[in-house]
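A, B, ... follow the sequence lines: proteins, then strands. Residue 1 opens every chain. This one's a predicted model, so the numbers in the text were calculated from it and none came from an experiment.
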Amino acid sequence: MKIKKIFLTLAPVAMFLVACGEEESKNELSGYRYGVFILNEGSYLSNNGSVSYFNPDSATLVNNLFETINGRPLGDVVQSMGFAGDKAYIVVNGSGKVEIVDRETFETETEPILASYPRYFLAVDSQKGYLTSGNMQGYVYVIDLENDRIRDSIQVGFGPENMVKLGNYIYVANSGGWGLDSTLSIIDTGNDRVAGTLAVGDVPSDMALDNDNDLWVYCKGYAMYSSNPPYDLISETPSRLVEINPVTHTILWEGIVGSAGDYAGTLPKLAVGSDGAVLFFLRPDGVYRIDAGNPSLPGERVLEGSFYGLEVNPLTGDLYVFQSSFTGNGTMFIVDPVTGDSESFTVGIGPSGAVFNLK
Amino acid sequence: MIGEVTVLETNARYFCEDKAFFRVDRLPLSFNANNSLGDILVYQTPAMVRQYGPAGFLTSISIRGTGTNHTQVNWNGFAINSPTTGQADLSLIPAGFMQQVDVINGASGTSFGSGTFGGTVNMVNKPDWENRFSAEYTADAGSFGTISSRVKVQAGNHRWQYHASFLYQHADNDFPYADRYKYGSPVTRRQHNAFDAAGLMQSFFLNLKDGSMLEAGSWYQQKVLEVPALMGNYTASNALQKDSAFKIFLAYRKQFGKSGLMVRTAWFTDDLRYTDKISSEDDVYLIDSKIGARQLRNEAEYRYTLSEKITLGAGADYNSLNGISSNYNTRIHEDELAFSAFMKLNLGKWTGNLGLRKEFLEGTDPGLLYSFGWRYKASEQLVFRTNLSNKFRKPSFNEKYWEPGGNPDLRPEMGWGIDAGAEGRLYSGSGPSSIRYSVGGFFQRIDNWIQWVIQDSLTPVEYKTVHAKGIETELVYQYKTEHVQFSSALIYNLNRSVIVHTYDDNALYEGKQLMYTPLHSGKMSNYVKWKGWMAGLNLHASGKRESVDSNDESLRLPGYFIADAMTGYEKKFKSFSIVTGFRIENLLNAQYEIIRAYPMPGRAYYITVSARFDKHHTNY
């Protein structure tokens with residue numbers, strides 16, 4: 001792709017390709033408790049989603065970690081991963097399950113939790129976790145972390161995606177699923193009830209808290225098609241970044257970054273810098289940055305290229321971006337946003353994001 | 001001689017001795033009457049068949065490691081590949097409906113037109129002029145709730161023949177399998193996997209007084225298939241696919257002194273409807289996708305024997321295609337026109353074939369198609385053949401017009417190929433034994449291979465260049481006396497089909513073996529018939545296969561070995577005979593997947609009973 005040529009002019013590229021092997025992973029690293037986990041969706045309906053493990057200190061990469069340890073493939077559309085206590089919860093959206101592994105050994109010891117169209121998992125405290133689920137009417141399932149079973153369900157908006165925790169409240173982005181929604185649901189973790197809803201832009205897809213504990217929401221916008229042939233695009237609402245004070249529920253700032261049709265090859269992902277003072281977001285032509293305290297658009301492009309996912313290493317501030325072709329293995333680029341230095345790694349199929357466990 | 005007309009061959013079959021040719025034996029064709037064509041081709045030819053499940057599932061053919069839309073399937077000279085996908089679903093073709101089937105590997109674009117990088121499968125309905133009246137009923141039942149029922153009627157005389165075949169099939173397909181994608185690899189039964197199909201084929205042949213022949217045929221096929229969830233899925237599937245197709249044609253052949261003329265015209269309609277719901281109680285469909293195609297196909301061929309040494313041929317094709325779908329912006333209409341010319345040189349031991357073809361397609365030009373080949377018969381035991389030709393594939397309606405993403409500017413896939421081989425007969429004298437062998441190598445280049453990728457949206461692009469190369473070998477032993485017939489055929493293929501480069505120079509894909517194309521594969525089919533008894537053993541071995549373009553080791557599928565065994569007895573009375581048969585498929589209970597995450601059934605048992613009434617005994 002064009003990105004490769006651009007990278008070669010931007011910075012020296014170092015290629016590391018580590019073949020996965022049980023001996024290597026078990027001896028070199030003391031388990032998988034510390035590191036970065038890359039989520040590879042797979043090519044949809046092929047059961048080839050996977051999780052890759054990366055240690056940023058030693059730059060060691062282990063692909064297909066789940067299958068290597070547990071002897072069976074992970075499944076179809078590996079969407080997200082969350083941590084609670086000694087366990088990690090891997091949400092496999094296409095297969096309808098959440099696999100539970102030991103954080104140290106990455107072994108499964110129990111049956112997975114079953115749910116219809118599960119998306120994201122977040123630990124609330126040591127006793128319970130929440131799981132968003134549903135591609136139309138959505139629910140947040142309350143998971144009892146003692147026995148890893150669903151004990152309750154909370155009805156939220158349509159197509160709930162990821163969640164952000166602030167104090168005793170959890171904010172859920174209702175992305176509309178296969179319909180339309182433009183709200184966030186606020187859940188009181190004390191009584192597992194919806195305490196309120198916030199109106200934001202259409203199709204809220206990703207969220208993050210900055211250093212002022214303001215909540216940033218990336219709203220993809222909604223593309224509406226006619227229900228009669230030739231099924232023309234009737235309307236396309238704009239994509240927005242919205243900054244909200246989650247306690248007072250006031251919208252502090254919002255700006256239009258594009259329109260709904262822009263996101264076929266790129267996901268509307270945002271991430272806060274390691275100091276919490278800047279916000280990075282993805283557009284079809286690269287990664288942009290705005291100042292969280294004093295935002296103004298269009299923002300500054302810090303990385304050119306077409307990417308499927310964006311994360312920020314909370315310790316080092318490096319950008320982790322992903323390129324996915326879905327017909328074969330994808331690539332992860334780790335880029336220093338200040339110097340532009342980068343490294344690339346071959347990961348699984350359709351990498352879309354990562355979770356960092358660097359404490 | 002009343003009505004003894006040599007059925008005139010098409011130009012495609014007449015000018016093809018320089019190609020690798022595989023004929024399906026009549027014996028297995030009639031024994032496996034209730035199976036699909038894919039089941040037969042897998043054992044009798046080098047072709048690989050890709051299936052998403054047992055009987056009833058999408059079954060597509062891949063020859064020489066090329067794509068599933070790179071093999072043209074013909075019925076009485078008409079290509080029946082769908083204009084919307086370019087593929088032919090072999091599960092919609094009951095083997096027993098055809099009287100003759102053969103496969104030409106690496107068939108040239110000059111003879112067949114679009115989509116022949118792998119080759120062609122040629123199915124023909126042929127009259128049996130000796131027949132007066134026969135009726136046959138076959139019932140088949142077996143494991144996983146499988147039943148099928150076939151009725152065949154033939155009537156006629158030396159002047160005319162009428163032939164009708166009707167087939168009904170149902171299977172629950174709820175076979176047990178170990179789900180290796182789930183915790184604990186539980187053994188479960190396949191859910192939501194049933195299918196129902198019905199088909200009716202009729203053929204009519206008439207010898208006219210002036211020695212010409214009129215032929216008419218019709219074919220109706222319908223199938224409803226429950227599409228199951230992938231292995232490892234905990235969510236049930238509610239997807240359903242309905243296919244229905246109707247074809248009708250008329251053909252006329254006339255042999256003059258030195259020349260022959262064939263004209264034929266056909267009308268094909270195909271409809272596919274795919275639906276899915278979130279839950280089985282829902283009334284509203286989440287997905288309701290309909291795709292239809294209507295085609296009018298016309299071909300005229302002429303052949304002229306200029307001298308003892310030279311025969312010339314010419315052809316003209318005119319097709320009018322329509323595509324209808326809620327996924328196309330408007331109703332699609334395309335016209336196709338092609339002219340072809342051939343020459344055969346008969347120089348004693350040497351035979352040469354030359355072909356040229358020019359296609360006139362809307363908005364695209366595959367250039368001049370050529371085919372040049374030789375056959376040299378050193379002796380009965382040793383015959384050499386070689387052919388150089390180019391092939392192309394016109395982009396399908398879905399690739400060009402699917403909303404969103406379709407790309408109407410796509411150019412055709414193109415490539416030249418070379419084939420060379422040797423074949424011959426050993427011990428083909430007066431004794432009961434004969435051995436036939438064939439060994440050949442091939443190289444086929446395919447440029448602009450179209451594949452769907454994510455750019456700004458999911459869109460098909462001219463994605464890669466592929467070199468398909470390999471070796472095909474076949475050894476057939478036959479033994480025939482008045483009481484005993486025995487045949488054993490062994491096929492071995494080596495297929496190194498690789499991506500040379502992709503349009504975006506992705507280094508991860510260069511030099512990688514194509515998906516679902518094993519490097520090594522072999523088949524063996526054995527039959528014996530002694531007095532009234534018959535028995536057969538079919539074996540199929542495949543090496544490991546890749547499931548992604550980047551050949552990720554963790555996604556590789558292991559090799560597999562399948563054995564099918566059958567036995568039967570025919571009891572003959574005067575004009576009446578009854579055949580009872582018993583077969584075991586996947587005798588060794590292999591647990592395997594042809595397409596990753598779609599399990600194939602383990603061991604299965606079937607019984608067949610067939611009753612036949614024949615007014616005039618034939619050599620069926």
Note to self: With chain A as the partner, which of B:Lys182, B:Arg596, B:Glu546 has the greatest number of non-hydrogen pairs under 4.5 Å?
What the structure shows: B:Arg596

Notebook entry, point to check: In terms of heavy-atom proximity below 4.5 Å to chain B, should A:Thr110 be classed as side chain, backbone, both, or neither?
Noted result: backbone

Margin query: Please classify the contact between A:Asn135 and chain B as side chain, backbone, both or neither, with a heavy-atom cut-off of under 4.5 Å.
Written below: side chain

Note to self: Distance check, rounded to the nearest 0.5 Å: A:Ser43 atom OG versus B:Asp549 atom CG?
What the structure shows: 10.0 Å

Check: Do you know which of A:Lys97, A:Glu111, A:Glu67 has the most heavy-atom pairs under 4.5 Å to chain B?
Finding: A:Glu111

Next item on the list: Please report the shortest heavy-atom distance between B:Ser554 and A:Asn64, naming the atom on each side.
Entry: CB-ND2, 2.8 Å

Check: Between B:Tyr181 and A:Asn47, is there a donor-acceptor pair closer than 3.5 Å when you use the side chain of the first and the backbone of the second?
Finding: no

Note to self: I need the minimum non-hydrogen distance between B:Ser550 and A:Gly328, along with the two atoms involved.
What the structure shows: OG-CA, 3.2 Å

Note to self: If I compare all heavy atoms of B:Ala597 with all of A:Ser46, which pair ends up nearest, and what's the gap?
What the structure shows: CB-O, 4.2 Å

Note to self: If we define contacts as heavy-atom pairs under 4.5 Å, which of A:Ser116, A:Gly94, A:Gly75 has the most with chain B?
What the structure shows: A:Gly94

Check: Quick one: what part of B:Met515 sits under 4.5 Å from any heavy atom of chain A, side chain, backbone, both or neither?
Finding: neither

Next item on the list: Check whether more than 12 heavy atoms from other residues, nucleotides or ligands sit under 6.0 Å from atom OH of B:Tyr52, and answer yes or no.
Entry: no

Check: Would you say the side-chain atoms of B:Asp552 pair up with the backbone N or O of A:Gly348, donor to acceptor, closer than 3.5 Å?
Finding: no

Check: How long is the span from the CG atom in B:Asn506 to the OG1 atom in A:Thr331, to the nearest 0.5 Å?
Finding: 7.0 Å

Next item on the list: Locate the shortest heavy-atom distance separating A:Pro112 from B:Tyr234; write the atom from each residue and the value.
Entry: CG-OH, 3.4 Å

